[in-house]
Amino acid sequence: MQKQKLLINGERLKQELERFANFGRTENNGVTRLSLSKEDIQARDYFCSCCEELGMTVKVDDMGCMYATLAGTEDQPPLVIGSHMDSVKKGGRFDGILGVVTGLEVVRTLIENQIKPNIPITIVNFTNEEGARFEPSMMVSGVLSGKFDKAVMLQKRDPEGITFEEALKESGYEGDPQNRLKEATAFLELHIEQGPILEKESITIGVVECVVGMACYEIEVTGDSNHAGTTPMSMRRDALFTANNLINEIRKRLSALDHELVFTVGRLNVYPCIHTVIPNKVVFTLEARHKDMGIVNTVKDIIQGLPDLGVNEGCEIKTTKLWDRDTVWFTPELCDQLEQSAVSLGYTHRRMVSGAGHDAQFIASYVPTAMLFVPSINGKSHSEDELTTWEDCEKGVNVILDTVLKLLTKY
């Protein structure tokens, strides 16, 4: 007879997610919990109390990241579960916090079933993942992984002029650099998809193989202003018409590369932006994302070749790369184990990529890492409309629990 699977308490998970949503809950049942804000500190304090009740030791590093550890029977690098607790303004109840509460529920399940782990289990809350108060996003995991410079990040200011360093000191959550996450047996992050794929395909579990590479450019078109009523069309150097030509050409060329390539013109500024004046300058951004860096590099070549396309109508075209990143692939063995756990639990699943950034992509540079997605209804996230069913949340945590149990017996 097959041994019955150990499962989490779905009702307890739901109640815990709702309790955390109370820290910054909005009128429309969303959440505003900016990093190191009053609401974030309340959530941190509550998280500490939950972990201490479970007999866990809570430490904080110099960037405000929290690490709650359940001791293991052997002195080995911990098995780490977590995500972030901060949100965007008027965000949702699941983004980030689901990954942290996953850790709590896994530990509670182990304790109530009297399972003493051989490997320490640590729940992590990474500070300022969203970058909604202090840019950039994934600021602190970037510092931990050596991607960002700590001194530079400490001086980042919020819209009120408060630096990250000032907010960190005021929060009471400035700890010791010795407490930073330096090594781990594995890091597992459960997150909502923030996209429509899983729901559209009626699939519950997404095993994330990578966070896709991307490139972001600013394109500046310079023409000549003149009177909108007296200048013949044949004598104009209209920067907006040229920009429109470029955008149409970009869409045609990039669409032909690969159906999985996504690209966006996200910002477009027109100058002088007066209805009686021919625009003399247009500045717009173009970003593109794909898992295959060969395709991303082809996109770069196309963008850099825009000045030579012959659609400039007498205008000058300048392209500037704002930033880019390579595709980050997660640890194959951990991805395989997550998939095996989903299969053993009888959940529908698929392999997929993440178009959005997550702390896991930085942590993966020095720790074995894997991510799991559960569906977002209508693909909504960073919105008060963000919603994932309680059943799907429960199934996602069950997959993490099953993987944790497998890892505990492996090491």
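Note that this is a predicted model, so its numbers are computed, not measured.
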Among residues at least two apart in sequence or on other chains, which ones pass side-chain contact (heavy atoms from CB on, under 4.5 Å) with [X]?
{"X": "Asp336", "answer": "Gln340, Arg351"}
{"X": "Lys410", "answer": "none"}
{"X": "Thr73", "answer": "Lys116, Asn118"}

### Query
Which pairs pass salt bridge (Lys or Arg N to Asp or Glu O under 4.0 Å) with one or both residues in residues 318-330, sequence neighbours excluded?
Lys300-Asp324, Lys321-Asp324
#### Entry: Sequence neighbours excluded - salt bridge (Lys or Arg N to Asp or Glu O under 4.0 Å) pairs with any residue from residues 240-250
Glu249-Lys252, Glu249-Arg253
### Message
Are His358 and Phe126, when compared by the centres of their aromatic rings, separated by less than 6.0 Å?
### Response
no
### Set of residues satisfying salt bridge (Lys or Arg N to Asp or Glu O under 4.0 Å) with respect to Lys200, sequence neighbours excluded
none
### Query
Which word best sums up how the rings of Tyr46 and Phe23 line up, parallel for under 30°, tilted for 30 to 60°, or perpendicular for over 60°?
tilted
Which residues pass the ring pair (Phe, Tyr, Trp, His ring centres under 6.0 Å) test with [X], not counting sequence neighbours?
{"X": "Tyr271", "result": "none"}
{"X": "Phe47", "result": "none"}
{"X": "Phe330", "result": "none"}
{"X": "Phe148", "result": "Phe362"}

Is [X] salt-bridged to [Y], cutoff N-O under 4.0 Å?
{"X": "Lys59", "Y": "Asp176", "value": "no"}
{"X": "Arg93", "Y": "Glu386", "value": "no"}
{"X": "Arg108", "Y": "Glu53", "value": "no"}
{"X": "Lys156", "Y": "Glu135", "value": "no"}

### Message
Filter on ring pair (Phe, Tyr, Trp, His ring centres under 6.0 Å), then keep only pairs touching residues 95-121, sequence neighbours left out; what's left?
### Response
none
### Task
Determine which pairs satisfy ring pair (Phe, Tyr, Trp, His ring centres under 6.0 Å) with at least one residue from residues 384-408, sequence neighbours left out, and list them in order.
Phe94-Trp390
### Message
Would the distance check show the side chain of Gln155 and the main-chain N or O of Val152 forming a donor-acceptor pair, the cut-off being under 3.5 Å?
### Response
no
### Task
Tell me whether the guanidinium CZ or amine NZ of Arg251 lies under 6.0 angstrom from the six-membered ring centre of Phe263 and within 45° of its axis.
no
### Message
Glu391 vs Lys14, test: salt bridge (Lys or Arg N to Asp or Glu O under 4.0 Å). Steps then yes/no.
### Response
CA-CA 9 Å; Glu391 181 183 7; Lys14 172 184 175 181; over 6 Å; no
